[in-house]
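Reviewing the structure listed below.
Positions are given from 1 along the sequence. Both backbone and side-chain heavy atoms feed into the values below; hydrogens, waters and symmetry mates do not. Indexing begins at 1, ligand by ligand and atom by atom, following the structure's order. Please read all numbers here as calculations on a predicted model, not as lab measurements.
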Amino acid sequence: MSLSNVIFAIILIVALGFFTRSARRLIRWLKIGRPEVRTDHPNTRTGNLLAIGIAQTKILRDPIGGMMHALVFWGFCVLGLGTMEIMIQGLVTGFSYSWILPSFLYLPYVISQELFAVFVLIPVSFLLYRRLVIKPARFRNDPVHGGDAVFILSMIGALMVSLLLLFAMEIRTGAPTDGRVISHLLASLFSGVSPVTAHVIARSAWWFHAVLILYFLNHLPGSKHLHVLTSLINVWFSNTSGPGTVGAMRPMDLEAENAEQFGASDVEHLSWKNLLDGYSCTECGRCTAVCPANITGKALSPRMIVVKTRARLTEKAQLLDLMQGAEPTTEQVAVLDHKLLDGWITEEELWACTSCRACVVECPVSIDQLDIINELRRDLMLMESRFPEELQPALQSLERNGSPWAFSPTDRTSWAEGLDVPTMAELAARDEQPDILFWVGCMGSFDDRAKKITVAFARILQAANVKFAILGQEESCHGDPARRMGNEYLYQILAKGVIETLDGYKVKTIVTFCPHCFHQMGKEFPDLGGHYDVIHHTEYIEQLLNEGRVPLETEHGQRLKVAYHDSCYLGRYNDVYDAPRNTLKKALPIIDLVEPVRTKSRGLCCGAGGGRMWMEENVGKRVNVERSEELLATGADQIAVACPFCMTMITDGVTGAGSNVPVLDISEVVASRLLASHA
Ligand code: SF4
Ligand code: SF4
């Protein structure tokens with residue numbers, strides 16, 4: 001072993017020792033969080049890892065910046081092999097993979113190294129240019145790690161330059177070119193460098209590169225680029241309990257959970273996965289750039305929710321490490337009391353969230369920002385009774401009337417007068433079962449505008465000869481609004497009551513036009529033992545149209561330009577994007593379906609979700625106004641929606657904009673085309 005091998009071995013051992021210590025500390029800090037099982041559905045998780053982690057499908061949603069980041073990632077994967085070779089060279093002088101690889105494998109390896117060094121250098125230069133010169137909106141006011149991003153990008157750039165310099169100088173010393181076109185070209189730039197000087201430069205470049213890699217490895221655990229180490233792990237453990245529960249809220253066992261704490265006020269109440277999210281955030285700001293609350297000037301930034309969670313974990317964990325179980329001093333008590341809720345994240349931020357899931361869908365490393373918001377809301381609601389006073393009447397009404405609006409249950413069927421719609425009780429009395437239960441929902445039962453949707457859908461069902469029934473006065477809110485507001489206790493009482501009613505009638509298939517009911521009963525009821533086939537009315541009408549069961553006018557009438565607004569709970573929560581559009585096209589053969597700027601999985605929320613329907617919106621621009629303006633900007637003759645909440649918000653926004661463009665539910669569009677004999 002030469003002296004340089006010994007020196008490198010010492011540097012390597014010290015660097016790996018420090019890295020191991022940092023990694024163990026980070027894992028220890030994760031254990032401050034609540035335990036949570038995240039090893040179910042291994043195949044789905046591995047599929048996510050391959051698609052989101054390796055193929056980088058989510059980051060590529062941003063075609064330019066995404067491709068640049070993906071190239072850096074793929075480059076690092078390929079260059080990792082070269083890094084191993086360099087580390088071994090430090091211990092065994094002159095080591096080369098050519099010693100162990102046949103030439104048909106070694107040659108592609110050699111070429112891949114120089115090629116990917118360039119592939120990484122180009123995007124890194126672009127990303128540096130973007131950070132320092134272009135400065136996109138989402139990077140401005142980066143209060144936490146803007147400087148670190150530049151430092152890391154510069155370090156990656158230096159690694160690539162030193163690698164390419166090493167390759168070029170090796171060629172100047174007379175090493176075989178081995179098909180290395182790029183290195184050969186670079187070497188020709190240094191034609192005046194003698195082989196001896198080239199050897200010195202090559203050795204210097206090698207040492208610089210090797211030591212910088214080891215420094216980089218040790219810089220990562222304390223930097224925003226910790227995600228380089230954790231993001232693939234985070235993607236594997238991300239929220240995906242199977243396709244059926246995408247977007248479902250974490251179930252809470254109110255009896256089994258620690259009765260002293262519901263929800264989270266500090267990091268120890270969050271799960272270890274929420275804390276791993278903090279480690280994995282790249283601080284790219286993609287989530288904040290699509291957040292309707294942030295876009296319209298509210299205090300909420302989903303990026304900062306994650307960044308602050310990580311900062312609080314670091315603050316608290318460092319203190320606990322220091323205290324080693326001893327009694328805290330007065331200063332230490334102040335740090336312990338500086339909780340995530342209030343100390344870092346304010347109530348104002350939390351209540352601004354519409355639960356639209358745009359942040360979750362956009363995050364390239366599958367972080368669930370909404371999960372943290374929901375847990376903090378649960379603490380506010382259940383532990384501290386701190387919530388906007390406007391929510392009080394809705395919560396009281398849910399408790400007393402089984403609806404967030406103060407209507408009597410006896411009014412639930414007023415819309416059905418004269419329509420000959422049977423109830424489940426009436427069918428049961430005749431020992432009959434309907435094909436479907438039409439779940440009307442609270443808005444469809446009580447809201448004057450939404451009742452017109454209810455009637456339109458009932459007419460379609462009757463025209464298509466579907467045997468259906470409603471629960472009538474036995475229907476009651478399933479508690480979704482309470483759950484989204486953070487009141488899990490009230491939610492579970494209401495949901496269990498509904499499940500009991502449904503099971504009492506042996507209900508199997510439910511059709512509803514409310515995406516919140518659709519999501520809640522279809523995707524979240526299974527956690528409470530309610531298992532039903534729940535279909536949204538747009539999917540059901542599409543199916544009826546495909547079967548030729550809906551008698552429509554054959555006259556096409558006037559050509560219409562229609563803009564469809566995606567509901568969050570239908571689209572981002574349940575991936576239903578095509579059925580509403582297909583239904584529109586089938587019902588209106590002469591149609592120009594136009595898309596607003598933000599559409600489908602990137603569609604902007606109407607502003608009503610997450611309990612916001614019942615809250616004032618006094619800060620910034622109203623979300624529904626922003627969205628309505630986007631829809632009107634398409635020049636549409638009609639706006640179509642598929643959610644009664646969206647109906648209210650978009651109608652208000654359109655009216656507020658001084659427009660008289662009609663806003664119609666998809667069932668109303670179809671019902672308006674029913675043959676006169678069925679209309
Ligand atoms: S769920 Fe929607 S409103 Fe809430 S933080 Fe995410 S993007 Fe913003
Ligand atoms: S949470 Fe995800 S999308 Fe948001 S800043 Fe972090 S990595 Fe980017």
Side-chain angles (χ1 to χ4, degrees), residues 52-53 56 58-59 61-62 65-66 69 73 136-139 141-146 149 224-228 230-232 234-235 238-239 247 249 273-311 345-346 348-377 484-486 566-569 571-573 598 601-613 615 617 619-620 622-624 626-627:
I52 300 167
Q56 300 273 292
K58 283 181 91 177
I59 206 159
R61 282 163 68 86
D62 172 4
H69 276 287
F73 170 78
R138 65 187 160 95
F139 294 147
N141 309 319
D142 183 345
V144 188
H145 285 304
K224 91 170 201 124
H225 282 70
L226 176 58
H227 73 267
V228 172
T230 58
S231 57
L232 291 182
N234 197 60
V235 169
S238 62
N239 275 348
M249 272 179 76
K273 174 58 178 59
N274 295 135
L275 305 183
L276 182 64
D277 279 349
Y279 287 177
S280 308
C281 179
T282 69
E283 296 175 38
C284 64
R286 284 175 171 78
C287 52
T288 296
V290 296
C291 172
N294 193 273
I295 288 169
T296 54
K298 318 292 190 288
L300 174 62
S301 157
R303 172 178 70 155
M304 292 311 295
I305 295 288
V306 181
V307 168
K308 287 173 183 175
T309 300
R310 176 175 166 184
I345 298 174
T346 63
E348 191 190 353
E349 290 168 74
L350 297 172
W351 294 117
C353 178
T354 68
S355 76
C356 72
R357 260 190 120 239
C359 51
V360 184
V361 168
E362 209 60 42
C363 179
V365 290
S366 293
I367 285 169
D368 196 329
Q369 306 88 336
L370 184 54
D371 204 30
I372 299 174
I373 293 172
N374 284 335
E375 291 301 322
L376 294 171
R377 273 193 180 191
R484 262 61 207 179
M485 291 171 197
D566 288 284
S567 141
C568 304
Y569 278 73
R572 274 188 293 269
Y573 274 77
R598 289 180 263 221
S601 66
R602 283 197 163 141
L604 189 69
C605 176
C606 71
R612 295 269 348 147
M613 182 78 175
M615 290 182 230
E617 191 176 347
V619 178
R622 292 181 66 86
V623 175
N624 66 327
E626 174 79 9
R627 182 53 169 169

Note: ligand 2 atoms sitting under 4.0 Å from heavy atoms of R303 are 5 (S)
Between the main-chain N or O of W351 and the side-chain N or O of R612, is there a donor-acceptor pair closer than 3.5 Å?
yes
Out of curiosity, is E362 lining ligand 2, as in a heavy atom under 4.0 Å away?
no
Mind listing the protein N/O/S atoms less than 2.8 Å away from atom 4 (Fe) of ligand 1? Waters don't count.
C353 SG
Is there a side-chain hydrogen bond (donor to acceptor under 3.5 Å, both in side chains) between Y573 and S567 once you walk through the steps?
CA-CA 9 Å; Y573 274 77; S567 141; over 6 Å; no
Between the main-chain N or O of L350 and the side-chain N or O of R377, is there a donor-acceptor pair closer than 3.5 Å?
yes
Apply side chain to side chain contact (heavy atoms under 4.5 Å, CB included) to D368 and S238, showing your working.
CA-CA 8 Å; D368 196 329; S238 62; over 6 Å; no
Do I305 and L300 come close enough that some side-chain heavy atom pair is under 4.5 Å?
yes
What is the closest protein heavy atom to atom 4 (Fe) of ligand 2, and at what distance does it sit?
C287 SG, 2.2 Å
For ligand 2, which atoms, with element, lie under 4.0 Å from some heavy atom of T282?
6 (Fe), 7 (S), 8 (Fe)
So, the side chain of T309 versus the backbone of G278: is there a donor-acceptor pair under 3.5 Å, distance only?
no
Nearest protein heavy atom to atom 2 (Fe) of ligand 2, by residue and atom, and its distance?
C363 SG, 2.3 Å
Please evaluate residues E349 and K308 with respect to the criterion side chain to side chain contact (heavy atoms under 4.5 Å, CB included), reporting the C-alpha separation (whole Å), side-chain torsions for both, the decisive distance (0.1 Å), and the verdict.
CA-CA 12 Å; E349 290 168 74; K308 287 173 183 175; 3.0 Å; yes
Suppose we measure from atom 8 (Fe) of ligand 2 to each protein heavy atom; which comes out shortest, and what is that distance?
C284 SG, 2.3 Å
Are any non-hydrogen side-chain atoms of D277 and D371 less than 4.5 angstrom apart?
no
Test side chain to side chain contact (heavy atoms under 4.5 Å, CB included) on K273 and N234 and set out the steps.
CA-CA 8 Å; K273 174 58 178 59; N234 197 60; 3.2 Å; yes
Would S280 count as a contact residue for ligand 2, given that I'm defining contact as a non-hydrogen atom of the residue lying under 4.0 Å from a ligand atom?
no
Against heavy atoms of E283, which atoms of ligand 2 measure under 4.0 Å?
5 (S), 6 (Fe)
Contacts of E617 meeting salt bridge (charged side-chain N to carboxylate O under 4.0 Å, His left out) (sequence neighbours excluded), chain-then-number -> K298
Nearest neighbour in protein (non-hydrogen) for atom 6 (Fe) of ligand 2:
C281 SG, 2.3 Å
In this structure, atom 5 (S) of ligand 2 is nearest to the protein heavy atom G285 N, 3.1 Å
Knowing that exactly one of R357, R572, Q369, R602 qualifies, which makes a side chain to side chain donor-acceptor pair (under 3.5 Å) with E362?
R602
